[in-house]
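In this text the structure is predicted, and so the values were computed from the model without any measurement. We count residues from 1, following the sequence as given.
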Amino acid sequence: MPPIAPNLVAAVDQARHWQDMMAMAELGGFTDPDGHVGVNRPCLSDLDRQARRLLLGWAEKAGLTASVDRLGNLFLRHEGTDPGLAPVLTGSHMDSQPNGGRFDGIWGVIAGFEAVRALREAGVATKRPIEVVAWTNEEGGRYAPGCMGSMAYAGFAPPETWDGVTDRDGIPFGQALKALLDSESDIPRRKLGVVEGQAPFAYVEAHIEQGPLLEARDMEIGVVTGIQGSRWFIVDIMGKSDHAGTTPLALRKDAVQDMLRAIQALNTLMHDPADVLRFTVASIEVQPNTSNSVAGLARFTIDFRHPDNAVLQARGNAIEGVIQAALRHCTARVTERFHAVPADFGALVPDAVEAAAKSQGLRHMRLPSGAFHDAQFLVPLCPTGMIFVPCRAGVSHHPSEYATPEALAAGTRVLAQVLADLANR
């Protein structure tokens with residue numbers, strides 16, 4: 001990495017950066033009963049369009065060039081001295097969870113913008129272009145699944161894959177996307193990622209940690225090494241509904257009781273003394289769901305995650321057998337609905353992040369990401385990495401989500417130095 005450029009680090013304006021974050025948080029902002037200020041900004045909504053226009057106004061003043069692809073991914077380009085070179089890409093997403101916070105996703109977009117603005121104000125030239133991207137629908141809060149924009153960009157799925165997916169009001173994704181693109185007809189269109197154009201030289205995503213490790217260990221920067229793998233399942237336990245007052249216990253096929261046996265067996269399967277494995281049963285449905293009837297059906301979800309693919313496969317493959325063995329009176333159907341292997345970021349970008357943090361005297365540590373991010377779909381395309389900053393108590397996807405102005409500025413200064421480094425390789 002080139003020596004640190006003090007003028008570049010100084011050009012990242014903490015007060016301006018925070019002001020931009022708070023201005024963006026007003027779009028969809030609300031206060032919950034406990035006084036926490038959150039954000040509800042669904043993708044492809046009117047609020048989303050307003051947020052994009054606000055960002056576009058800032059970018060125009062900063063001298064950046066905007067473009068949008070057919071999935072609605074929005075790009076802000078800082079030109080390099082050799083425009084033909086593959087760009088360095090940085091960014092995240094602008095949509096939120098329905099009961100979300102002010103920092104998840106959007107900080108990565110605004111951090112990328114502030115880093116590029118600082119580069120330009122400091123007079124730091126780059127050979128490669130740098131593009132700030134706002135990916136479409138990372139959260140999946142309005143349309144499932146999330147990460148549609150980055151998946152289409154990377155060729156993970158055809159761009160028309162989700163056109164028919166509807167939100168709770170029955171509005172198809174394709175219709176909402178068309179409305180967004182029609183509203184941005186003044187913005188130049190660009191090719192859709194590697195499907196129609198070139199791959200980036202590298203990708204760097206800044207994000208709040210969404211976990212407690214950095215804060216607990218008094219670290220200022222997280223050097224993200226990869227994203228743990230995930231396997232999601234739906235389990236149906238099928239029994240027989242009977243009258244709760246008249247049916248003897250010995251004759252029941254109680255789906256709830258067998259569900260409890262299955263979950264306890266899964267807890268044993270997933271036990272990890274090192275506390276690296278993540279196993280969650282978070283959604284449970286019971287039918288007929290009345291207080292005086294034996295349950296005839298119990299359905300629950302499994303969210304299983306691990307950074308080691310060998311563990312992810314071995315224990316994930318054992319789930320169905322463990323459930324079947326735990327049942328006494330019912331039958332079970334296990335359906336796997338999502339499977340993503342761990343993403344390893346390799347050396348180039350994490351090493352650059354670590355070098356920048358070290359040169360700026362920031363306390364840092366290496367760690368994997370437990371949450372999904374658009375970055376995992378960039379891994380097959382180019383060297384990829386992420387920068388984490390601590391968030392209070394590790395809370396995210398909630399109005400109480402919070403990162404300090406100092407933490408965000410520190411992460412943005414690291415990002416600016418990393419972008420300058422990668423864009424001059």
Side-chain angles (χ1 to χ4, degrees), residues 41-56 59 64-77 86-97 104-106 108-110 112-113 129-167 171-200 203-205 207 227 338 340 343 372-382 384:
R41 189 167 55 236
C43 80
L44 304 181
S45 65
D46 181 61
L47 288 167
D48 190 18
R49 291 194 288 271
Q50 291 180 46
R52 288 160 69 96
R53 282 294 174 186
L54 181 59
L55 180 64
L56 285 163
L64 305 182
T65 304
S67 60
V68 64
D69 67 25
R70 59 185 169 127
L71 253 292
N73 297 316
L74 177 64
F75 298 82
L76 310 174
R77 184 178 176 97
V88 174
L89 202 58
T90 186
S92 192
H93 60 95
M94 303 180 74
D95 60 320
S96 78
Q97 285 289 320
D104 174 18
I106 188 61
V109 177
I110 296 181
F113 171 63
I130 300 173
E131 293 187 328
V132 181
V133 59
W135 301 110
T136 298
N137 189 36
E138 191 272 353
E139 288 291 355
R142 181 182 181 190
Y143 293 106
C147 295
M148 288 181 182
S150 54
M151 282 197 285
Y153 177 95
F156 187 86
E160 300 81 14
T161 299
W162 310 283
D163 282 355
V165 174
T166 58
D167 65 8
I171 300 172
F173 175 80
Q175 178 181 325
L177 176 61
K178 183 180 184 302
L180 170 77
L181 295 176
D182 287 348
S183 75
E184 295 181 348
S185 59
D186 56 316
I187 302 173
R189 294 292 183 264
R190 64 184 283 142
K191 294 178 179 178
L192 177 61
V194 295
V195 177
E196 301 167 349
Q198 68 177 164
Y203 176 68
V204 193
E205 183 168 347
H207 211 282
I227 298 175
F338 185 80
F372 280 93
H373 299 285
D374 292 298
Q376 74 184 88
F377 296 102
L378 275 290
V379 170
L381 309 185
C382 63
T384 300

**Single hit among Val132, Val109, Leu76, Val133 for side-chain contact (heavy atoms from CB on, under 4.5 Å) with Thr90** = Val132

**Asked** Taking only residues two or more places apart in sequence or in another chain, which ones pass ring-ring contact (aromatic ring centres under 6.0 Å, His included) with His207?
**Response** His373

**Request:** For residues Ser150 and Asp374, report the shortest heavy-atom separation together with the two atoms involved.
**Result:** OG-OD1, 2.6 Å

**Any donor-acceptor pair under 3.5 Å from Glu205 side chain to Ala375 backbone** = yes

Give every donor-acceptor pair under 3.5 Å between a side-chain atom in residues 152-166 and any protein atom, sequence neighbours left out.
{"unit_1": "Glu160", "atom_1": "OE2", "unit_2": "Arg70", "atom_2": "NH1", "d": "3.1"}
{"unit_1": "Thr161", "atom_1": "OG1", "unit_2": "Pro158", "atom_2": "O", "d": "2.5"}

**Asked** Listed by chain and number, what are the side-chain hydrogen bond (donor to acceptor under 3.5 Å, both in side chains) partners of Asn137, not counting sequence neighbours?
**Response** none

**Request:** Apply side-chain hydrogen bond (donor to acceptor under 3.5 Å, both in side chains) to Arg52 and list each qualifying residue two or more places apart in sequence or on a separate chain.
**Result:** Glu184

**Request:** Decide side-chain contact (heavy atoms from CB on, under 4.5 Å) for Val68 and Arg189; before the verdict, give the C-alpha distance in whole Å, the side-chain angles of both, and the deciding distance to 0.1 Å.
**Result:** CA-CA 5 Å; Val68 64; Arg189 294 292 183 264; 2.9 Å; yes

**Message:** Holding to side-chain hydrogen bond (donor to acceptor under 3.5 Å, both in side chains), I want the full list of residues that pass it with Arg142, two or more places apart in sequence or in another chain.
**Reply:** Asp167

**Request:** Could you pull out all residues at least two apart from Glu138 that satisfy side-chain hydrogen bond (donor to acceptor under 3.5 Å, both in side chains)?
**Result:** His93

**Request:** Using atom types as modelled and distance alone, determine if a side-chain donor or acceptor of Thr384 lies under 3.5 Å from a backbone N or O of Tyr203.
**Result:** no

**Asked** With distance as the sole test, does Asn73 use its side chain to make a donor-acceptor pair with the main-chain N or O of Thr136 at under 3.5 Å?
**Response** yes

